[in-house]
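What follows is one structure encoded as structure tokens, with my remarks underneath.
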Amino acid sequence: VVVLDVVVSVVPYKGGGKGSYGYSGKGSWGSPSGFAKVFVGNLPFETTWQELKDHMREVGEVAHVEIMTEGGELGGRSKGCAVVEFLT
């Protein structure tokens, strides 16, 4: 079990970008169909997306978690940071 001691920065996101896995990021801050993206840094390299999602559920409904990896490859070495998307 990885103990998470994370610092987050809430960043409003208006959508329209092209994310990984074909996710378009549609929606707007505060709209019923929107979401809020949160950058999470200082993660232990062993942290899995599922552990982070379970941890972040304490503050809201999590739509998606993406742990940043070297080269952006799925299953690649973690960079120790992630983006968590919450439904609003």
Side-chain angles (χ1 to χ4, degrees):
V1 174
V2 176
V3 177
L4 299 178
D5 181 23
V6 298
V7 176
V8 298
S9 173
V10 178
V11 179
Y13 182 73
K14 295 291 184 182
K18 184 73 172 167
S20 63
Y21 314 115
Y23 184 71
S24 64
K26 300 295 181 194
S28 61
W29 181 259
S31 73
S33 63
F35 56 87
K37 277 190 176 184
V38 176
F39 175 81
V40 181
N42 201 30
L43 290 173
F45 294 121
E46 316 72 58
T47 304
T48 66
W49 69 267
Q50 188 65 57
E51 290 170 329
L52 183 55
K53 183 175 183 177
D54 291 344
H55 180 75
M56 299 302 276
R57 279 188 182 138
E58 295 177 18
V59 293
E61 188 175 354
V62 178
H64 181 77
V65 172
E66 184 173 347
I67 294 186
M68 304 301 168
T69 58
E70 290 183 3
E73 296 181 17
L74 187 60
R77 185 178 187 283
S78 171
K79 289 185 172 183
C81 59
V83 175
V84 179
E85 295 176 13
F86 290 94
L87 297 176
T88 58

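No hydrogens, no waters, no symmetry mates; every other heavy atom, side chains included, goes into these values.
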Exercise for the section: Output, in order, the C-alpha distance, side-chain angles, deciding distance and verdict of side chain to side chain contact (heavy atoms under 4.5 Å, CB included) for F86 and V59. Expected result: CA-CA 9 Å; F86 290 94; V59 293; 3.6 Å; yes
Problem - Worked verdict on M68 versus V83 for side chain to side chain contact (heavy atoms under 4.5 Å, CB included) - result: CA-CA 8 Å; M68 304 301 168; V83 175; 3.2 Å; yes
Problem - Worked check of side chain to side chain contact (heavy atoms under 4.5 Å, CB included) between R77 and F45 - result: CA-CA 8 Å; R77 185 178 187 283; F45 294 121; 4.0 Å; yes
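Atom OG1 of T48 is separated from atom CG of D54 by 8.0 Å, given to the nearest 0.5 angstrom. To the nearest 0.5 Å, atoms CD (E85) and NE2 (H64) are separated by 5.5 Å.
Residues satisfying the side chain to side chain donor-acceptor pair (under 3.5 Å) criterion with E58, sequence neighbours excluded, are absent altogether.
Contact record, G41 with C81: CA-CB, 4.1 Å, taken as the closest heavy-atom pair. Here the closest non-hydrogen pair linking A82 and I67 is CB-CA, 3.8 Å. Closest of all the heavy-atom pairs between A63 and L87 is CB-CD2, 3.6 Å. In terms of heavy atoms, V65 sits closest to L52 at CG1-CD2, 3.7 Å.
Exactly one of R57, M56, H55 qualifies for a side chain to side chain contact (heavy atoms under 4.5 Å, CB included) with K53. That residue is R57.
Contact check for V84 versus V62: side-chain heavy atoms found under the 4.5 Å cut-off.
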